[in-house]
Amino acid sequence: MNPPLSFLLLVYPLLAALVCGLLLFLLLRSRLAGRIVDQPNQRSLHEHPVPRIGGLALLGGALPLAFVGGAPWQLLLPALFLLALSLVDDTFGLSVRLRLAGHLLAALFLVLALNAASVPFPPTLSVFSLPSSSFSSIAVGFVACIACGWMTNLYNFMDGSNGLAGGMAFFGFGALGLAAASAGDAPLAVLGGSLAAAAVAFLRFNFHPARVFMGDCGAIPLGFLAAAVGLAGQQKGLWPGWFAPLVFAPFIIDATVTVLRRFFRGERIWQAHREHYYQRLIRMGWSHRRTALAYYGAMLFSAAGAFAARAADDAGVGAGVEASFAVEGILALELAGFLCAMIVIDRAWRQRPQS
């Protein structure tokens, strides 16, 4: 007899948090903590060297338990590949091209592996069928790969302030886990819940003042998993395609808008900088704690809107309604809220005293 979902969502996340905390305690006392260190520079928001090995503990606490809980190997295998690739990058340094190639390879593997799974992708994401009429399917599969690669990187872009990326992992994967649980999908619920619980243990060491950073070995796989769980949930019919992007909207919007601005200014978008909205807030005098709490509020706003829109969408489908005005209204409200926040920050940034 399989244990009830409520039992799984209690035991696995609790164990993930305990293992993550224990691993962090041990890692911070190991030689690795002195070898993989984030040194402050002119683009940093911190002033002292900080170990960047937290991602090893977070994923080390969550992924094995998620695997035991039945999480799809199509998600876990490329995530482990990215963890290993990013650990090498954290330790020795890799070229941008090699890193991006690895990220896109993991995204391609995900799309192909999910397509070949027993529960097929929606037809628009089928990339194994190659008749002449399948151009649109191949095109959408290509877009899915690019979107997954982008999410993999943007999570890393946003890992620059104490408590920020860890908090986003808690709220984001917690929301995806709850959504999967409400639909009765134990594997994705356990995966989301385990990642969220491990993030809480990580925040015990990462919230301001931070004793450890996530590092690429944490941020890169987490960004990939955010996209992967979103695609897997869509594949299973647990939520619409916009659900997961809306849950992670504060990260996606901040990173995307900032990168596009730098691109159109002719700047090297792959170089470190201090122009994200969260970085501007801190440079204007906000503390790391206040900034993190503000983004936590934004994530709650996003998650609440995503669940409300999902409920409205389910009601519309049940009533035979193709499109729901309620869904469109909620999505518009969410986007309007973020647009207003960006306008306020941009105005304050322009009016700040120049040093």
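Side-chain N or O atoms of D89 include none that pairs as donor or acceptor with a backbone N or O of L85 at under 3.5 Å. Looking only at distances, no side-chain donor or acceptor of E334 sits under 3.5 Å from a matching main-chain atom of G329. Looking only at distances, a side-chain donor or acceptor of W239 sits under 3.5 Å from a matching main-chain atom of G230. Between the side chain of D159 and the backbone N or O of A165 there is no donor-acceptor pair closer than 3.5 Å. Looking only at distances, no side-chain donor or acceptor of R280 sits under 3.5 Å from a matching main-chain atom of W349. Q234 places no side-chain N or O within donor-acceptor distance of the main-chain N or O of L231, the cut-off being under 3.5 Å. Proximity of a side-chain donor or acceptor of R262 to a complementary backbone N or O of R268 within less than 3.5 Å is detected. The backbone N or O of T258 sits nowhere less than 3.5 Å from a side-chain atom of E275 that would complete a donor-acceptor pair.
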Would you tabulate the side-chain donor-acceptor contacts of residues 9-35 under 3.5 Å, counting partners in other chains and residues two or more places apart, or write 'none'?
from, atom 1, to, atom 2, distance (Å)
R29, NH1, F25, O, 3.0
S30, OG, L27, O, 2.6
S30, OG, L32, N, 3.4

Please lay out, stage by stage, how F243 and F307 fare under the test ring-ring contact (aromatic ring centres under 6.0 Å, His included). CA-CA 8 Å; F243 181 80; F307 276 99; 5.4 Å; yes
Between F173 and F248, does a side-chain contact (heavy atoms from CB on, under 4.5 Å) hold up when you go through it step by step? CA-CA 9 Å; F173 288 105; F248 285 96; 4.3 Å; yes
Evaluate the criterion side-chain contact (heavy atoms from CB on, under 4.5 Å) for residue pair L260 and I269; output intermediate values, then yes/no. CA-CA 8 Å; L260 287 176; I269 59 176; over 6 Å; no
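No more than 12 heavy atoms of other residues, nucleotides or ligands shown are found within 6.0 angstrom of CZ on F67. Around atom CZ of R97, no more than 12 heavy atoms belonging to other residues, nucleotides or ligands sit under 6.0 Å away.
Follow the hydrophobic side-chain contacts under 4.5 Å out from F264 and you reach I253 in the same cluster.
Among all heavy-atom pairs drawn from H288 and S161, the shortest one is ND1-OG, 3.0 Å. In terms of heavy-atom proximity, P250 sits nearest to M158 at O-CE, 4.4 Å. For L75 against L110, the heavy-atom pair with the smallest separation is CD1-CD1, 4.1 Å. Of all heavy-atom pairs spanning A186 and L8, the tightest one is CB-CD1, 4.1 Å. Across Y155 and A169, no two heavy atoms sit closer than the pair OH-N, 3.0 Å. Across every non-hydrogen atom of P221 and D216, the tightest pair is CD-O, 3.4 Å.
Using bins of under 30°, 30° to 60° and over 60° for the plane-to-plane angle, the ring pair Y278/Y295 lands in the perpendicular bin.
With sequence neighbours excluded, the residues forming a salt bridge (charged side-chain N to carboxylate O under 4.0 Å, His left out) with R261 are D346, listed by chain and number.
With rounding to the nearest 0.5 angstrom, the CG atom of L108 is 5.0 Å from the SG atom of C145. To the nearest 0.5 Å, atom CZ of residue F171 and atom CG of residue L176 are 13.5 Å apart. Atom-to-atom distance recorded for M151:CE and C148:SG is 9.5 Å, nearest 0.5 angstrom. A distance of 6.5 Å separates CG in L77 from CG in L80, rounded to the nearest 0.5 Å. Note that CD1 of I36 and CG of L87 are 5.0 Å apart. Values are rounded to the nearest 0.5 Å. The line from CG of D38 to CD1 of I53 is 12.0 Å long, rounded to the nearest 0.5 Å.
Between F157 and W150, the ring centre distance stays below 6.0 Å.
For the 3.5 Å distance criterion, the side chains of H103 and T152 fail to qualify, holding no donor opposite an acceptor.
Among pairs with a residue in residues 194-211, those fulfilling side chain to side chain donor-acceptor pair (under 3.5 Å) read N162-H208, at least two apart in sequence or across chains.
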